[in-house]
Number of protein chains: 2
Amino acid sequence: MSPPTMEDVARAAGVSRALVSLVMRQAPNVSDERRARVIAAAEELGYRPNAVARSLASRRTHTIGVLLNDLHNPFFADSADGIIEEASSAGYQVLMATGTHVNQSHTAAIESFLNARVDGIILVGPRFTPEQISDMASHVPVLTLGSSSDGHGVDSVKNDEYRGACLAVEHLAGLGHTRITHVSGGRGAGADSRRQGYARAMADLGLADHVDVVVGDFTEESGAEAADELLKRAELPTAVFSANDIQAAGLMGRLAEAGIGVPEMVSVVGYDDTTFAGLYQLSLTTIHQPVAEMGRQSVRSLLDRMVGGRTEPRKLVIEPSLVVRRSTAPPR
Amino acid sequence: MSPPTMEDVARAAGVSRALVSLVMRQAPNVSDERRARVIAAAEELGYRPNAVARSLASRRTHTIGVLLNDLHNPFFADSADGIIEEASSAGYQVLMATGTHVNQSHTAAIESFLNARVDGIILVGPRFTPEQISDMASHVPVLTLGSSSDGHGVDSVKNDEYRGACLAVEHLAGLGHTRITHVSGGRGAGADSRRQGYARAMADLGLADHVDVVVGDFTEESGAEAADELLKRAELPTAVFSANDIQAAGLMGRLAEAGIGVPEMVSVVGYDDTTFAGLYQLSLTTIHQPVAEMGRQSVRSLLDRMVGGRTEPRKLVIEPSLVVRRSTAPPR
DNA sequence: CCAGGCCCTTGGAGCGCTCCAATCAACGGG
DNA sequence: CCCGTTGATTGGAGCGCTCCAAGGGCCTGG
């Protein structure tokens, strides 16, 4: 009653088990006649190759482990989408785990990836120490996506956060803004570069005196809190560059509640160009990065290492772009 | 140079391989002294149990396959989150696949789940024929989440769409609306029940004459198109019950572009209470279903079948609830 | 007519683990 | 003092596949 094995197919087709194996793996040197007989027998028996046994024998699982920070942020959902799509079209499966904020669950997830003998690991967002990263990289190819914890012999795909931040600031300055505040992403992935890009761009534009950073993180609440903070001040900035879209949404919401119009009173720029930035009601000017495409690139890069034999790490930096919507306007 | 195996640990600890196996599986009948020795040896060698070999030998992979329709819709992201969380806390891994609209890729994903010998499958959204479902259910426990394609000996977890639609209509009617249009979800999961719930509630409230359904699907564009359709009419309805939040957002956006205020001119109710329904700028009145919790329930239900030995299918129906925000108001 | 190749096919030895039946030591009770 | 019990430990037989070395036809050139 147990499902048919290769042995059963071989018997039914009157050939050896090895031959069935060759047919299943689409090996070239098999006569058409036998191939047909094997395929017919397999079909008849409802044979289904056992990927577990195959993995054990071949020492390759055709599986990549993906660790995401937070599926609720569309950013992660989009990258997951790109990853899954590319992986499955390359014949790979995706083992997915999410670290629920706690770093401990991250390491547990990695542990189970390694036990499962995944062929590669993609880290989307989570912060690990360099030791942790290189430790796992010693077992299996690792790629970080969008995160900044790289540089330890692992591949990485990210957008040029620095450049993106510059685009945002230049856009605002171009509109005539000078008092441009940045709400940071705190210790989140990419937050540092965005903050530095902001500072640098401000300096380059001669606005060094106006540099003003409110510490936040990548959540909606943090945006609302930042708004509260700003509202307490004697004078609002005329523009805000938010560390990401969700935070920007939280910020704009709170400002609206307080009767502060966007962009009439304050212009707002986000980052990521996630789904809802384009919603008519938000219409958020933001920095676009092709997240799904980056997910696909990640898989390709990893495959390149896993089967292509590349060994030196490859860092891919994607150029972000500015998307202007209605949340920005010249200052009054 | 290959990673240490149980054999190596056994040798190092001076015990048999079987004993190491017992220790690794936390079996009870092992003397403390030997257990300690084995653990020490394993640690020393950096031993990592090979889950592939374990799966082959034990015929259980501790993996569940999850097939999602569309990660972009927060609904799916949320359920994925609940599923992953519960699965990993039960010691299970999640193999994730997304069907990219095309049904063919759905079946390919299922195929690879079965080849991987997953212990169970959760289908979130995709529509399969009853034959397909019962076919896969004959191999492995299957559960459908939020989908309507059940009833074939498989478990299911869903909210009471019917009831949810009633809640929406009753809310609008309670505000004084009579001309309530429904933009449907077309052939998507749950769309039928929502439409029927709408029709039934309208009838119960004596509004049968006003039943009016615009065919759409579960996307933002479809909402915009529905708005266009409505705008062509001589007279707008005073309220719209949208098949889901994203569609509602698209609809509201297009209405706003046309200068039609929500809720001043038209009230709008969505469905799902996805993340952005709560954004201040949308503030969409909608029907809430505890999606993440439903994801967790799905896993529990599946585990119950996989290890608990339950065989009769279990259908879990969750009561949805109404969340009133600012997109609804009495008609003018 | 035979050696030398070239294809196709096959048996067998694992891959690293689980699980079962068998073994062994220790312990009381009759 | 022997034997049944109980609990800890072990060898061995798989799990279903891949991979490799070797075998068997058959064709070709000398």
Side-chain angles (χ1 to χ4, degrees), chain A residues 1-39 41-42 45-63 91 112 114-119 139 307, chain B residues 1-39 41-42 45-63 91 112 114-119 139 307:
Chain A
M1 276 307 74
S2 58
T5 72
M6 228 169 220
E7 199 71 54
D8 300 325
V9 176
R11 203 172 312 123
V15 300
S16 73
R17 188 193 55 249
L19 210 248
V20 177
S21 173
L22 289 174
V23 172
M24 288 305 152
R25 281 178 286 151
Q26 333 245 23
N29 290 338
V30 176
S31 67
D32 292 347
E33 186 252 334
R34 302 244 179 171
R35 181 185 302 275
R37 230 160 65 202
V38 167
I39 291 177
L45 294 177
Y47 172 69
R48 199 180 285 293
N50 184 323
V52 179
R54 178 184 299 212
S55 298
L56 181 61
S58 68
R59 288 112 170 283
R60 318 184 89 271
T61 54
H62 283 261
T63 300
S112 77
L114 294 178
N115 288 351
R117 300 298 192 265
V118 295
D119 291 340
H139 292 292
V307 310
Chain B
M1 274 306 76
S2 58
T5 71
M6 228 168 221
E7 200 71 55
D8 300 324
V9 176
R11 203 172 312 121
V15 301
S16 73
R17 187 192 57 251
L19 210 247
V20 177
S21 173
L22 290 174
V23 172
M24 289 304 152
R25 282 178 284 150
Q26 334 243 24
N29 290 339
V30 176
S31 67
D32 291 347
E33 184 253 336
R34 302 246 179 169
R35 182 185 302 276
R37 230 159 68 202
V38 167
I39 291 177
L45 294 178
Y47 172 69
R48 199 179 285 293
N50 184 323
V52 178
R54 178 184 299 213
S55 296
L56 181 61
S58 68
R59 288 115 168 286
R60 319 184 90 271
T61 54
H62 283 262
T63 300
S112 78
L114 294 177
N115 288 350
R117 300 298 193 264
V118 294
D119 290 340
H139 292 292
V307 311

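Since the structure is predicted, the reported quantities are computational estimates derived from the model, not experimental observations. Lettering of chains follows the sequences in order, A, B, ..., and the numbering in each one begins at 1.
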Donor-acceptor pair, side chain of B/R117 and main chain of B/L114, under 3.5 angstrom: yes

From the candidates D/dC17, C/dG16, C/dT9, the one with an atom nearest any side-chain atom of A/V30 is C/dT9

Candidate nucleotides C/dT9, C/dG16, D/dT9, ranked by approach to the side chain of A/S31 - the nearest: C/dT9

Counting side-chain heavy atoms from C-beta on, which of C/dC17, D/dT9, D/dC17 comes nearest to B/R54? C/dC17

Per the under-4.0 Å heavy-atom filter, residues of residues 4-12 of chain A near DNA chain D come out as A/T5, A/M6

Can you tell me if the side-chain N/O atoms of A/N29 get under 4.0 Å from OP1 or OP2 in C/dC8? yes

Could you tell me the separation between the CE atom of B/M24 and the C1' atom of C/dT18, rounded to a whole number of Å? 14 Å

Counting heavy atoms from C-beta on, name the nucleotide in C/dT10, D/dT10, D/dT18 closest to the side chain of A/R34. C/dT10

Between C/dC15 atom C1' and A/L56 atom CG, what is the distance in whole Å? 4 Å

Whole angstroms only, please: what is the CZ-C1' distance between A/R17 and D/dC20? 13 Å

side-chain N/O A/R25 vs D/dC19 OP1/OP2, d < 4.0 Å: yes

Round to a whole Å and report the spacing from CG of A/L19 to C1' of C/dC7. 12 Å

OP1 or OP2 of D/dC19 less than 4.0 angstrom from a side-chain nitrogen or oxygen of A/S21, does that happen here? no

Heavy atoms from C-beta onward define the side chain here; which of C/dG16, C/dT10, D/dC17 lies closest to that of A/A18? C/dT10

Counting only side-chain heavy atoms from C-beta out, which of C/dT18, C/dC8, D/dC15 sits nearest to B/R59? D/dC15

Checking the side chain of A/R37 only, and the main-chain atoms of A/A13 only, is there a donor and an acceptor separated by less than 3.5 Å? yes

Does a nitrogen or oxygen in the side chain of B/S16 sit under 4.0 Å from OP1 or OP2 of D/dT10? yes

Are B/R37 and D/dT9 close enough that a side-chain N or O sits under 4.0 Å from OP1 or OP2? no

Which heavy atom of B/T61 sits nearest a heavy atom of B/D119, and at what distance? N-OD1, 3.2 Å

